[in-house]
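Have a look at this one before I ask anything.
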Amino acid sequence: MSVLSVQGLGKSFGGVQAVSGVSFSVAPGEMLALIGPNGAGKSTLFNMVGGQLQPDAGSVTLGGATISGLGPRAVARQGVGRTFQITATFGSMTVRENVQMALLSHRREIWCFWRSVAERFGAEADALLAQVGLEAQAERATGVLAYGDLKRLELAVALGNAPRLLLMDEPTAGMAPAERVALMQLTRRLATERGIAVLFTEHDMDVVFDVADRILVLDRGALIAEGDGPAIRANPAVRAVYLGTDAGSH
Amino acid sequence: MSSILPQLLTGLATASSLFLISAGLTIIFGVSRIVNFSHGSLMMLGAYIGWSILTRLPREPEWFALGVLATALATAIIGVVLEMAVLRRVYRSPELFQLLATFGVVLIIQDVTLLLWGPTELPLPRPRWLRGFVEVAGSRFPLYDLVLIAIGPLVLGLLWLALNRTRWGTLVRAATLDREMVAALGVDQRRLFTSVFALGAGLAGLGGALSLPNASANLGIDLSVIADAFVVVVVGGLGSLPGAFLASVLIGVLQAFGIVLVPKITLVLVFLVMAVVLVFRPNGLLGRPQTEAREATVAAPVVRPAPPALRLLGAVTLALAVAAPFIVGGYYLTVLTDACVAILFATSLHFMMGPGGMASFGHAAWFGIGAYAAGLLLHWAGAPMPLGLLAAPVAAGLVSGLFGLFVVRLSGVYLAMLTLAFAQIAWAVSFQWVEVTGGDNGLLGVWPPDWARDPRLYYWMALALSVGVALLLRRALYAPYGYALRAARDSTPRARAIGLDVEGLRMVALVIAGAACGLGGAIFAYGKGGVFPTYISIPHSVEALLMVLLGGLQTVAGPIVGALVYTGLADILVRSTDLWRLVLGAVIVVLVVAFPEGIAGAVRRLWLRGREA
Ligand SMILES: Nc1ncnc2c1ncn2[C@@H]1O[C@H](COP(=O)(O)OP(=O)(O)OP(=O)(O)O)[C@@H](O)[C@H]1O
Ligand SMILES: [Mg+2]
């Protein structure tokens, strides 16, 4: 039984067909990579799954229940955690407080006007930060973090929601190559341990081939290939439209 | 039919005047992203300068035209000076500080005008041609209004040509669409901004001079005009010139017919139109969504609990405040009571504006609603003071929540301007509904019961309530709710993605802010023994903004510091000089230029720097 199932999803902006007729599913504990050149429609697809955008066509189901048509908040409540291509964090808070917010929301403690945040879920937040390697930065202002650390923080925040499905839009952008592999292997471990389904996009092919169980290739809004690493590497259509521009460098 | 046409023409004449003033405002906003509060003051200057020029010229039409153009030129030059002296220094400041700086300019211009031309209204003697009439559909229609009707489209046409047929116009349009791009192209932004500001100021001056034959030069023009101009610009869509024209016609015609059909509520009508338009078209008739790139790049500093030294200072201040009636008396006790009210006024605004990220130009609305709730209950039902003090926050909170239903989805400048519109509605109701509110005369005899008549007792009560509420608000800001509110401000997508109910959080912030502010209004009402429409006036709303921005948005203690400093400053100024507006305005401008993060923010920065060294 798959966690996420996407059927015939489509979206256009004005005249631009950003995504059309995309179908796929992700199983618990599976790492599914979505690759494609810039402007292929990856973020648009993520945003339709996460509820940030409403699809023009098709449906999204999570654990059998339809979530397309719900807003981002309701989707999050259904157990979807996500990171954004352009990191989105709470700049006026410390690193720990960012994670505490996710925990407070998940435990339905937001509508409390009395108890100090400082006393809530500090230890749990630190544990999540330790998992992504940010424990030393817990007290720092989010605004001063390096971009790679912001990406890590976003992962910790997404995990605070105890997600069934994790959407990661370019989770390793701005990191050094060694860090990328480390972060994605961490994600891989979490996915396996907790049975989280992970859908991610990534431009670094080494990372993709290293950690992904399965790979989807999107081009101009449509899926053109699907399979494991070797199959994708060998796929002539993929080589033509995607790796063809990029194959030499990897 | 015979009565519709003249009415329509009257509306179109009004529309032309509205367009002249709002065209400059919208172009300036489009290019510089500054909401220029002083635009009405420029029009006022135009009226006065126009009066001085026109009364010295021969009375023939051609001389009139020449004088009007000379006035426009003069105000354009004043605009250049303003831009170079003030606005240029605040382009990188947060939006609200820019607004505050331009309000400082409003105050300065008010006093300068008073000094130069005196307090009395200056009507323009009208030669025969200005009093002429033409026959329209069987009734007499003023010739001059026909001239005005022609001028609106003429100016629109000229502006369109300038914007679409010159290199300068291309740059202006590009800057309106994407400021960063123009900067990247290596265009001299300073000259572009200065020229745009000069044009806007010139148009305002033109509008001022052209208004003379139908009105007169007087000191009330600035604020009444700016409210109208805000409405037009917002309805039309910020930065859109055709939008401003469309909105001017819509509102001008609506006003003309409104006066005939429902004379009592014309003011309300105009602002209702604005509310309706914004609910259905949040970016105005022809506006495009605002890009908020600048907000995102300025990271707000982390909010941390006050350091022990500051808590100690707070405790000492509080102890002094409690002991104050034994030390000072009479007049100073009144000032201190006012300061307590100011604390409620400022902390409530800060609550929605700082952590909530929802700026308000009309915070006095809640103050006034609270005051009127208490006053009306006493006046019409003889309700005792405790009931009044309870009813005030309930009433203000309820209305604020109702208002919130329409506006929580709006963002930034639009929300702020809609708050101004709402405050104007509340003001109009209090002013025009004479049978119930007493109109301009207000409600008198709103005194506390005998047991609280002693000024010392009343002061202590005010102190307890304001400090109590301020502490509750502070508590809420450090609790999960306050953090969530701030989270929604910091990054709305992230807040939603972790399951936060952004609209709900904002609604509650509006209700809380309204209620706390309403309580302040009631305390003020009983303290002064009356309730008046001025409680809801624009200058009063701006006072709240001043307090909050003086204290700084990013610290929880900020609004309290701001309230105290402002109350003290205003008191000293009003008593020591007739030119207090001039001094206050200058102080505001200097503060905004020197301390973009407010007093408390600047102190905190120095403190942190001192500790790191
Ligand atoms: N809000 C929007 N309005 C209009 N067009 C959009 C919008 N968002 C995306 N597009 C267009 O849809 C297409 C897909 O964009 P999308 O951001 O999904 O691509 P992507 O695969 O994530 O690219 P990248 O690798 O650069 O992140 C692009 O042509 C883009 O210009
Ligand atoms: Mg993308």
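So that the names make sense, note that chain A is the first sequence line, chain B the second, and so on, each numbered from 1.
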Problem - Part of A/Leu104 within contact of chain B (heavy atom distance under 4.5 Å) - result: side chain
Exercise for the section: With a 4.5 Å cut-off on heavy-atom pairs, point out which of A/Thr89, A/Thr87, A/Val75 contacts chain B the most. Expected result: A/Thr89
Exercise for the section: Under 4.5 Å heavy-atom distance to chain B, tell me which part of A/Arg77 shows up: side chain, backbone, both or neither. Expected result: side chain
Exercise for the section: May I ask you to list the residues in residues 41-71 of chain A that approach chain B closer than 4.5 angstrom, counting heavy atoms only, ordered by number? Expected result: A/Gln52
Problem - Option that, when pairs with chain A are counted at under 4.5 Å, heavy atom only, ranks first among B/Leu505, B/Leu477, B/Thr492 - result: B/Leu505
Practice task
Quick one: which residue pairs count as a salt bridge (charged side-chain N to carboxylate O under 4.0 Å, His left out) with a foot in residues 502-513 of chain B, not counting sequence neighbours?
Solution key: B/Arg496-B/Glu503
Practice task
Sort out for me which residue in A/Gln100, A/Arg120, A/Glu97 forms a side chain to side chain donor-acceptor pair (under 3.5 Å) with B/Tyr483.
Solution key: A/Glu97
Exercise for the section: Between chain B and each of A/Thr83, A/Val117, A/Asn98, count heavy-atom pairs under 4.5 Å; write down the option with the most. Expected result: A/Val117
Handout entry: Residues A/Arg107 and A/Glu124 bridged, charged N to O under 4.0 Å
Key = yes
Exercise for the section: Mind ranking B/Pro480, B/Ala497, B/Ala476 by heavy-atom pairs under 4.5 Å with chain A and telling me who comes out on top? Expected result: B/Pro480
Practice task
Go through B/Pro355, B/Ala495, B/Ala487, B/Gly504 and name the one with the most non-hydrogen pairs under 4.5 angstrom from chain A.
Solution key: B/Ala487
Handout entry: Which portion of B/Ile512 sits near chain A, non-hydrogen atoms under 4.5 angstrom
Key = side chain
